[in-house]
Participant: 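Below is a structure I'd like to ask you about.
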Amino acid sequence: IPLPTGPVTALQPFRIANEYGLFAVMTPNRYEIEFQGSDDGRTWVAYPFRYKPQDVTKAPGIYAPYQPRFDWNLWFASLGSWTQYPIVPRTEELLLTNDPDVLSLFAGNPFPSHPPRMVRAVLWQYWFTSMEEKRAQGIWWRRQLLGAYAPTLAIGPDGKFGMVTEQGPSMIAPPK
């Protein structure tokens, strides 16, 4: 039902009613950054998030009144470049060392016995499924891999972080 325009027009000069707020305008697409680790550069395992969509069979959660800060910052990062958001490559670096503070931001560690040899950040686009898809397949989300978000990192023999420049074909393993 359309809203009556008369009251809105009458109140507009007083600026007491407007779309002000964090969510006055939303992005039309949902992009999500996912961190993945690998020991061989071919098989990639996702670090499972606590709050963000990832598992397409998991219903979206409600986390009021708090906004999970790590996940929230990654949403903003997904709207820009990794060079604008140093949280992404820094997270990659710390995952290469199995840093306990960074690992606590995730729902689990797919590399509990040793850090992965390489870590990358990829970008997905998500859509809610239709009611028909939800009923037939039991999935809440559809997602499409858009590609690399940030460079793949590894620790060199000198102990310094560096970018991995060449990789063979890769396979993405589902989050555990």
Side-chain angles (χ1 to χ4, degrees), residues 18-39 43-131 133-134 137-155 161 163 170 172-176:
N18 59 34
E19 297 175 344
Y20 176 79
L22 290 175
F23 301 108
V25 177
M26 289 297 295
T27 57
N29 301 308
R30 178 154 195 163
Y31 300 107
E32 297 291 350
I33 295 169
E34 179 178 78
F35 293 95
Q36 302 171 345
S38 178
D39 285 329
T43 302
W44 293 89
V45 181
Y47 283 83
F49 285 109
R50 292 184 185 277
Y51 307 106
K52 296 167 76 58
Q54 191 172 33
D55 178 352
V56 296
T57 63
K58 188 176 175 186
I62 297 173
Y63 307 104
Y66 304 106
Q67 183 67 36
R69 187 172 298 237
F70 178 64
D71 300 57
W72 183 247
N73 279 307
L74 289 177
W75 176 70
F76 282 109
S78 75
L79 302 174
S81 163
W82 68 271
T83 57
Q84 298 170 297
Y85 294 91
I87 185 175
V88 175
R90 184 63 180 145
T91 300
E92 287 181 291
E93 290 174 353
L94 293 171
L95 289 174
L96 285 167
T97 65
N98 267 358
D99 181 84
D101 291 330
V102 169
L103 288 169
S104 71
L105 300 171
F106 294 90
N109 179 5
F111 298 90
S113 62
H114 66 283
R117 288 189 48 240
M118 292 170 263
V119 171
R120 70 182 183 181
V122 297
L123 188 65
W124 293 90
Q125 185 171 358
Y126 281 76
W127 299 269
F128 276 115
T129 57
S130 66
M131 287 303 290
E133 289 173 303
K134 171 70 174 84
Q137 301 173 40
I139 58 174
W140 288 87
W141 305 97
R142 284 183 299 114
R143 71 182 196 162
Q144 177 184 353
L145 181 62
L146 299 178
Y149 175 80
T152 300
L153 299 183
I155 298 178
F161 299 110
M163 288 188 236
S170 62
I172 300 171
K176 294 180 181 181

Participant: Which heavy atom in Pro86 sits nearest to a heavy atom in Gln84, and how many Å separate them?
Facilitator: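 Looks like CD-O, 3.5 Å.
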Participant: Between Gln36 and Ala46, which heavy-atom pair has the shortest distance, and what is it?
Facilitator: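 What the structure gives for the nearest pair is CG-CA, 4.0 Å.
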Participant: Can you find a pair of side-chain heavy atoms, one from Pro60 and one from Tyr126, that are under 4.5 Å apart?
Facilitator: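 Contact flag for Pro60/Tyr126 side chains = no.
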Participant: Evaluate the side chain to side chain contact (heavy atoms under 4.5 Å, CB included) criterion for residues Gln144 and Trp127: first the C-alpha distance (whole Å), next the side-chain angles of each, then the deciding distance (0.1 Å), finally the verdict.
Facilitator: CA-CA 9 Å; Gln144 177 184 353; Trp127 299 269; 3.6 Å; yes
Participant: Has Asp71 got a side-chain atom pairing as donor or acceptor with Arg50's backbone, closer than 3.5 angstrom?
Facilitator: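 No; zero donor-acceptor contacts below 3.5 Å.
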Participant: Kindly compute the distance separating CH2 (Trp72) from OH (Tyr51), expressed to the nearest 0.5 Å.
Facilitator: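 The CH2 atom of Trp72 sits 15.0 Å away from the OH atom of Tyr51.
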Participant: Between Ser38 (side chain only) and Thr43 (backbone N and O only), is there a donor and an acceptor less than 3.5 Å apart?
Facilitator: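 Such a contact is found between Ser38 side chain and Thr43 backbone.
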Participant: Looking only at non-hydrogen atoms, find the nearest pair between Pro115 and Asn98 and report the distance.
Facilitator: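 Shortest heavy-atom separation between Pro115 and Asn98 comes out as N-ND2, 3.4 Å.
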Participant: Going through the checks in order, is the side chain to side chain contact (heavy atoms under 4.5 Å, CB included) test met by Leu95 and Leu103?
Facilitator: CA-CA 7 Å; Leu95 289 174; Leu103 288 169; 3.7 Å; yes
Participant: Strictly distance-based, threshold 3.5 Å: is any side-chain N or O of Tyr31 a donor or acceptor partner for the main-chain N or O of Leu146?
Facilitator: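 No; zero donor-acceptor contacts below 3.5 Å.
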Participant: Heavy atoms, side chains only, cut-off 4.5 Å: are Pro53 and Arg143 in contact?
Facilitator: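 No. Closest side-chain heavy atoms not under 4.5 Å.
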Participant: Any idea which heavy atoms bring Ala154 and Arg117 closest together, and the distance?
Facilitator: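 So the two residues come closest at CB-O, 3.4 Å.
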Participant: Within this structure, what is the CZ-CG distance for the pair Phe49 and Asp55, rounded to the nearest 0.5 Å?
Facilitator: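 Phe49 CZ to Asp55 CG: 13.0 Å, rounded to 0.5 Å.
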Participant: Going from CZ on Arg142 to CD on Gln125, what distance comes out if it is rounded to the nearest 0.5 angstrom?
Facilitator: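 Rounded to the nearest 0.5 Å, the CZ-CD separation comes to 9.5 Å.
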Participant: Between Ile155 and Phe161, is any pair of side-chain heavy atoms under 4.5 Å apart?
Facilitator: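 Contact flag for Ile155/Phe161 side chains = yes.
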Participant: Where is the tightest heavy-atom contact between Tyr47 and Gly37, given as atom of each residue plus distance?
Facilitator: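 Between these two residues, the closest heavy atoms are CE1-N, 3.8 Å.
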Participant: With under 30° as parallel and over 60° as perpendicular, where do the rings of Phe106 and Phe35 fit, or are they tilted in between?
Facilitator: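 Answer is perpendicular, since the angle exceeds 60°.
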Participant: What's the separation between atom CZ in Phe111 and atom CG in Leu96, rounded to the nearest 0.5 Å?
Facilitator: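 Going from the CZ atom of Phe111 to the CG atom of Leu96 covers 10.0 Å.
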Participant: Within the 4.5 Å heavy-atom criterion, are Met163 and Leu153 side-chain neighbours or not?
Facilitator: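 Sidechains of Leu153 and Met163: in contact.
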Participant: Is it the case that the side chain of Tyr85 and the backbone of Leu74 share a donor-acceptor pair, with hydrogens and angles ignored and the cut-off at 3.5 Å?
Facilitator: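 Not a single qualifying donor-acceptor pair exists.
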Participant: At their closest point, which heavy atom of Asp39 faces which heavy atom of His114, and how far apart are they?
Facilitator: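 It is OD2-NE2, 2.9 Å.
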Participant: Quick check: do Val122 and Tyr149 have side-chain heavy atoms less than 4.5 Å from each other?
Facilitator: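 Not touching, per the 4.5 Å side-chain cut-off.
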Participant: First locate atom CZ of Arg69, then atom CD1 of Ile87, and finally report the distance between them rounded to the nearest 0.5 Å.
Facilitator: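 It comes to 10.0 Å.
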Participant: Is there a side-chain contact between Pro116 and Trp44 (heavy atoms, below 4.5 Å)?
Facilitator: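 Of all side-chain heavy-atom pairs linking Trp44 with Pro116, none is under 4.5 Å.
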Participant: Between atom NZ of Lys134 and atom CD1 of Ile139, what is the distance when rounded to the nearest 0.5 Å?
Facilitator: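 Atom-to-atom, Lys134:NZ and Ile139:CD1 are 9.5 Å apart.
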Participant: Take Gln54 and Glu32, measure what side-chain hydrogen bond (donor to acceptor under 3.5 Å, both in side chains) needs, and give me the verdict at the end.
Facilitator: CA-CA 8 Å; Gln54 191 172 33; Glu32 297 291 350; over 6 Å; no
Participant: Once the angle between the rings of Trp141 and Phe128 is folded into 0 to 90°, is it parallel (under 30°), tilted (30 to 60°) or perpendicular (over 60°)?
Facilitator: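 Ring orientation, 0 to 90° scale: parallel.
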